[in-house]
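Comments concern the structure below.
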Amino acid sequence: MMYGYQCEYCDGTVEERIVTEDFRHKGELVILHNVPVGICNCCRTRYYNAKVLKRLEKIAVEKNELPTLSIPVGEFQWPEGERP
Ligand SMILES: [Zn+2]
């Protein structure tokens, strides 16, 4: 069990959740599915197990072998004269 301990910031419990993580490796965005992170069931603080971090790093280093997505990137802006 990698998680299941008490949160450092509140009385909540850190529970394992399988999530999709967006993170940067050497300035490049890498998205990984099925990452086991610890999330406090009370304040939602995230915890990363050291072995999970090591593994994330290893997968990121080999990112050239991963499939890639093209992602639309835009800027938020209000239409002319409609800024609230
Ligand atoms: Zn907490």
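Both counts, for ligands and for their atoms, begin at 1 and track the order of listing.
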- When rounded to the nearest 0.5 angstrom, what distance separates CG in Leu29 from OG1 in Thr68?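 With rounding to 0.5 Å, CG (Leu29) is 11.5 Å from OG1 (Thr68).
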- Message: Could you measure the distance from the CZ atom of Arg83 to the CD atom of Gln77? Nearest 0.5 Å is fine.
- Response: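 It comes to 10.5 Å.
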- Query: Linking Ile, Leu, Val, Met, Phe, Trp and Tyr by side-chain heavy atoms under 4.5 Å, what else ends up with Ile18?
  - Reply: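 Besides Ile18, the hydrophobic cluster comprises nothing; the residue is isolated.
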- Message: Quick one, Tyr9 with Cys42, criterion side chain to side chain contact (heavy atoms under 4.5 Å, CB included). Give me CA distance, side-chain angles, the key distance, then yes/no.
- Response: CA-CA 10 Å; Tyr9 306 101; Cys42 186; over 6 Å; no
- Any idea how many protein N, O or S atoms are nearer than 2.8 Å to the Zn ion (ligand 1)?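 Excluding waters, the total comes to 4.
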- Message: Tell me every residue that passes ring pair (Phe, Tyr, Trp, His ring centres under 6.0 Å) with Tyr3, counting only those two or more places apart in sequence or in another chain.
- Response: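 Applying ring pair (Phe, Tyr, Trp, His ring centres under 6.0 Å) to Tyr3 gives none.
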- Using side chain to side chain contact (heavy atoms under 4.5 Å, CB included) as the criterion, list what pairs up with Asp11, not counting sequence neighbours.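 Counting only residues at least two positions away or on another chain, Asp11 forms a side chain to side chain contact (heavy atoms under 4.5 Å, CB included) with Gln6.
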